[in-house]
Amino acid sequence: MKLILLGAPGAGKGTQAEVICEKLSIPAISTGNIIREALRNSTELGLKAKSYMDSGKLVPDDVVIEIIRERLSKEDCKNGFILDGFPRTVPQAEALDRMGIVIDRVIDIEVPDEKIEARMSGRRVCGKCGASYHIDYKPSRDGVTCDACGEKLVQRKDDAPETVRERLRVYHEQTEPLKDYYRGTGKLRVVIGQEEVADTTRETLKALEA
Ligand code: AP5
């Protein structure tokens, strides 16, 4: 299965990608995670992306398209993959088509902007391995350190309220048009994000089969 997860920042794409990845044994590919790892390692890509990411803007198309081209050429993508956070612009979707990749399903997770702002303020991430938690919905065992590696949890710089508002603006302007792009292919399914993660997961799995 080749799957795209669409949705506003904080709609729950990463959370759902984790579940589907385990269920279908296919890799979840998050351009955001790839860029954040490059940032942690101070690579050329990380340095190039930093100012865009920190201010809530999209990293230029040519940079992310190259990241995806390289990642999808890896052996573990042979039997399918989940794209979480790519494409995010119509030119990115067109580039994916030009790579000859035929997507089976596009799931759009819908959550109103007001709920997103509240969710993002509670998100905490591990500064070392990147694992993601939420102070109310998905707390780590002790609430302060990462369950996986023990590192202290921190708030993402781009989860500051004013940056979240800018990310939402960019989403409505540049990413939302992708809904029409994929609606035209008949592959789009809309999932209404629920209060509980498990309820959203149930709807997402249903949408995969519909
Ligand atoms: P990226 O990391 O992709 O950020 P995003 O799309 O803004 O998405 P998030 O990771 O913030 O949210 P999510 O939808 O995965 O939600 P999550 O599951 O974590 O990108 C960051 C930046 O990188 C971009 O701004 C851009 O600069 C750059 N970038 C990346 N890809 C790019 C591209 N293709 N082109 C250009 N630039 C690119 O959930 C959020 C929180 O809510 C969590 O705490 C979670 O626990 C909680 N939660 C989840 N589901 C529920 C639920 N049902 N109920 C309650 N809480 C929930």
Side-chain angles (χ1 to χ4, degrees), residues 4-21 28-39 45-46 48-69 71-72 82-96 107-126 130-140 147 153-160 163-176 178 191-204:
I4 290 174
L5 291 180
L6 277 184
K13 302 181 295 295
T15 305
Q16 296 306 318
E18 236 177 73
V19 180
I20 303 168
C21 154
I29 300 167
S30 153
T31 33
N33 286 348
I34 294 174
I35 298 168
R36 273 187 292 278
E37 193 180 346
L39 246 173
L45 163 67
K48 220 189 266 181
K50 186 176 183 338
S51 62
Y52 296 101
M53 208 167 188
D54 284 353
S55 60
K57 301 272 188 296
L58 293 182
V59 173
D61 284 339
D62 57 335
V63 176
V64 274
I65 288 167
E66 228 15 72
I67 292 176
I68 283 295
R69 190 192 306 282
R71 181 64 187 86
L72 295 185
I82 306 157
L83 291 178
D84 158 17
F86 184 95
R88 247 184 169 97
T89 63
V90 170
Q92 290 180 19
E94 290 168 345
L96 198 59
I107 306 240
D108 168 41
I109 307 176
E110 288 282 330
V111 176
D113 288 6
E114 318 77 75
K115 275 201 187 153
I116 286 189
E117 290 185 32
R119 270 191 201 179
M120 303 297 247
S121 60
R123 174 161 58 185
R124 297 292 179 271
V125 295
C126 173
S132 178
Y133 301 88
H134 191 283
I135 52 175
D136 299 317
Y137 305 113
K138 192 190 167 193
S140 73
D147 292 345
L153 300 181
V154 292
Q155 188 162 31
R156 255 168 64 173
K157 207 168 178 177
D158 61 349
D159 279 350
T163 316
V164 170
R165 280 194 285 275
E166 174 61 8
R167 287 162 69 195
L168 284 168
R169 190 193 64 74
V170 169
Y171 165 76
H172 291 302
E173 183 185 279
Q174 299 194 51
T175 308
E176 251 188 333
L178 287 175
V191 166
I192 305 296
Q194 306 290 314
E195 292 300 326
E196 295 289 332
V197 172
D199 293 336
T200 306
T201 300
R202 203 185 44 244
E203 295 299 313
T204 305

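First listed ligand is number 1; within each ligand, the first listed atom is number 1. The first residue in the sequence is number 1, and the count goes up from there.
The proximity of P87 to ligand 1, defined as any non-hydrogen pair under 4.0 Å, does not occur for either the backbone or the side chain. Contacts between E195 and ligand 1 below 4.0 angstrom, taking non-hydrogen atoms only, involve the backbone exclusively. Contacts between R167 and ligand 1, counted as non-hydrogen atom pairs separated by less than 4.0 Å, involve the side chain only. Contacts with ligand 1 closer than 4.0 Å are made by side-chain heavy atoms of T200 only, the backbone lying farther away. The side chain of R156, and not its backbone, has at least one atom closer than 4.0 Å to an atom of ligand 1 (non-hydrogen atoms only; side chain from C-beta on). Neither the backbone nor the side chain of Q16 comes within contact range of ligand 1; no heavy atom lies under 4.0 Å.
Among the atoms of G14, some N or O lies under 3.5 angstrom from an N or O of ligand 1. Considering backbone and side-chain atoms alike, V59 places an N or O below 3.5 Å from some N or O of ligand 1. Taking any N or O of G85, backbone or side chain, at least one lies under 3.5 Å from an N or O belonging to ligand 1. By the 3.5 Å distance cut-off applied to N or O atoms, I35 is not counted among the residues near ligand 1. On a distance-only criterion, F86 and ligand 1 share no N/O pair closer than 3.5 Å. Residue contacts with ligand 1: R123 is placed with a nitrogen or oxygen under 3.5 Å of a nitrogen or oxygen of the ligand (distance criterion only). Checked by distance only, ligand 1 and H134 stay at 3.5 Å or farther apart across all their nitrogen or oxygen atoms. The N/O atoms of G12, backbone and side chain alike, include one that comes under 3.5 Å of an N/O atom in ligand 1. The shortest N or O to N or O distance between T15 and ligand 1 is under 3.5 Å. For ligand 1, one of its N or O atoms has an N or O atom of Y133 under 3.5 Å away.
Close approach to A8 involves these atoms of ligand 1, each under 4.0 Å from a residue heavy atom: 14 (O). Of all atoms in ligand 1, numbered sequentially from 1 with element shown, those under 4.0 Å from a heavy atom of E196 are 53 (N). Per-residue contacts place T31 under 4.0 angstrom from the following atoms of ligand 1 (heavy atoms of the residue considered): 30 (C), 31 (N), 32 (C), 34 (N). Close contacts between ligand 1 and M120 involve ligand atoms 11 (O) [criterion: under 4.0 Å to a heavy atom].
Pairing each heavy atom of M53 with each of G32, the nearest pair is CE-O, 3.7 Å. Summarising the geometry of P91 relative to D61, their closest heavy-atom pair is CB-OD2, 3.5 Å, with the distance given to 0.1 Å. P87 and L96 make their closest contact through CD-CD2, 4.3 Å (heavy atoms, listed as atom of the first residue, atom of the second, distance). Closest approach of L45 to A38, counting heavy atoms only: CD2-CB, 3.8 Å. Across K13 and A8, no two heavy atoms sit closer than the pair NZ-O, 3.0 Å. Heavy atoms only, all atoms of each residue included: A95 and I65 are closest at CB-CD1, 3.6 Å.
Protein heavy atom nearest atom 56 (N) of ligand 1, with residue, atom name and distance: Y137 CD1, 3.1 Å. Protein heavy atom nearest atom 12 (O) of ligand 1, with residue, atom name and distance: G10 N, 2.9 Å. The protein non-hydrogen atom at the shortest distance from atom 42 (O) of ligand 1 is R119 CD, 3.4 Å. Of the protein's heavy atoms, K13 NZ, 3.4 Å lies nearest to atom 8 (O) of ligand 1. Q92 NE2, 2.9 Å is the protein heavy atom nearest to atom 35 (N) of ligand 1. Summary of contacts: the protein heavy atom closest to atom 30 (C) of ligand 1 is R88 NH1, 3.3 Å. Counting only heavy atoms of the protein, atom 26 (C) of ligand 1 lies nearest to K57 O, 3.5 Å.
Between the CD1 atom in I82 and the CD1 atom in I107 there is a gap of 10.0 Å [rounded to 0.5 Å]. Atom CD1 in I109 sits 11.0 Å away from atom CD in Q194 (nearest 0.5 Å). Distance check: I4 CD1 to R88 CZ gives 12.5 Å after rounding to the nearest 0.5 Å. One finds the NZ atom of K157 at 9.0 Å from the OG1 atom of T163 (value rounded to the nearest 0.5 Å). Between the OH atom in Y171 and the CG atom in L58 there is a gap of 12.0 Å [rounded to 0.5 Å]. Atom NZ of K57 is separated from atom OG of S51 by 10.0 Å, given to the nearest 0.5 angstrom.
Remark: among candidates K115, Q194, M53, the nearest residue to atom 53 (N) of ligand 1 is Q194, based on non-hydrogen atoms.
At least one side-chain heavy atom of D113 sits less than 4.5 Å from a side-chain heavy atom of H172. With contacts defined as side-chain heavy-atom distances shorter than 4.5 Å, the pair S55/E166 does not qualify. Between I29 and D84 the shortest side-chain heavy-atom distance does not fall below 4.5 Å. Side chains of V111 and R119 form a contact here, defined as non-hydrogen atoms less than 4.5 Å apart.
Residue contacts with ligand 1 leave out R124, since none of its heavy atoms falls under 4.0 Å from the ligand. Not a single heavy atom of G7 sits closer than 4.0 Å to an atom of ligand 1. Residue contact annotation: R36 has a non-hydrogen atom under 4.0 Å from ligand 1.
Using a 4.0 Å cut-off between a side-chain N of Lys or Arg and a carboxylate O of Asp or Glu, D62 and R69 do not qualify as a salt bridge.
Under a 3.5 Å cut-off, the side chain of Q174 and the backbone N or O of V170 do not form any donor-acceptor pair.
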